[in-house]
Amino acid sequence: MEKRSFSIAGHRTSIALEPDFWQGLEAMAAARQLSLAGLIREIDESRTTTNLSSAVRLAVLAWYRDGASRQI
């Protein structure tokens with residue numbers, strides 16, 4: 001697990017993710033031309049789960065799943 005801190009909606013928060021999820025999140029942010037903080041803010045604003053780390057994992061999973069389905 002790797003922990004990183006961000007300012008989201010005016011407050012500091014930390015997210016602990018496995019390195020593979022950080023890599024996926026960085027790829028997702030680059031593809032959307034967003035900073036990591038900007039992408040995490042979007043995920044935070046649209047999440048349906050109470051845990052931000054879980055919401056980030058689900059967003060990365062969905063991004064890869066949706067991309068893979070377009071390649072079939």
Side-chain angles (χ1 to χ4, degrees):
M1 292 290 248
E2 182 182 332
K3 188 180 246 188
R4 297 188 194 181
S5 296
F6 298 91
S7 287
I8 307 285
H11 67 278
R12 296 287 290 170
T13 189
S14 294
I15 302 171
L17 297 173
E18 297 78 7
D20 289 340
F21 279 103
W22 283 118
Q23 290 173 358
L25 194 63
E26 289 166 353
M28 190 175 167
R32 297 186 56 200
Q33 298 181 336
L34 292 170
S35 66
L36 273 180
L39 179 58
I40 291 170
R41 184 185 70 249
E42 284 188 4
I43 294 168
D44 183 42
E45 291 171 352
S46 64
R47 67 183 160 136
T48 57
T49 178
T50 58
N51 185 290
L52 181 56
S53 294
S54 294
V56 168
R57 285 185 187 93
L58 290 171
V60 171
L61 178 64
W63 187 70
Y64 277 105
R65 181 197 60 221
D66 294 346
S69 69
R70 283 190 292 259
Q71 295 175 10
I72 296 175

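In this structure, the separation between CG on Leu52 and CZ on Phe6 is 9.5 Å, given to the nearest 0.5 Å. The distance from the OG1 atom of Thr13 to the CZ atom of Arg41 is 14.0 Å, given to the nearest 0.5 Å.
Between Ile43 and Ala59, the closest heavy-atom pair is CD1-CB, 3.7 Å. For the pair Met1 and Ala16, the tightest heavy-atom approach, listed with the atom from each and the gap, is CE-O, 3.9 Å. Minimum interatomic distance between Ala37 and Ile8 (heavy atoms only, all atoms of both residues): O-CD1, 3.7 Å. Minimum heavy-atom separation, Ala29 to Leu39: N-CD2, 3.6 Å. Trp63 approaches Ala31 most closely through the heavy-atom pair CZ2-CB, 3.7 Å.
By the side-chain contact (heavy atoms from CB on, under 4.5 Å) test, Ala30 pairs with no residue at all, sequence neighbours left out. Applying the side-chain contact (heavy atoms from CB on, under 4.5 Å) rule to Ser46 yields no partners; only residues at least two apart in sequence or on another chain are considered.
Within a 6.0 Å sphere centred on CD of Glu45, heavy atoms belonging to other residues, nucleotides or ligands number more than 12.
Here the side chain of Arg47 pairs a donor or acceptor atom with the backbone of Thr50 at under 3.5 angstrom.
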Solution key, residues 17-26 side-chain donor-acceptor pairs under 3.5 Å, sequence neighbours excluded:
| residue | atom | partner | partner atom | Å |
| --- | --- | --- | --- | --- |
| Glu18 | OE1 | Arg57 | NE | 3.1 |
| Glu18 | OE1 | Arg57 | NH2 | 3.3 |
| Trp22 | NE1 | Glu2 | O | 2.9 |
| Trp22 | NE1 | Leu17 | O | 3.3 |
| Glu26 | OE2 | Arg4 | NH1 | 2.9 |
| Glu26 | OE2 | Arg4 | NH2 | 3.2 |

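The hydrophobic cluster containing Leu61 does not contain Leu34, counting ILVMFWY residues as joined when their side-chain heavy atoms lie under 4.5 angstrom apart, directly or transitively.
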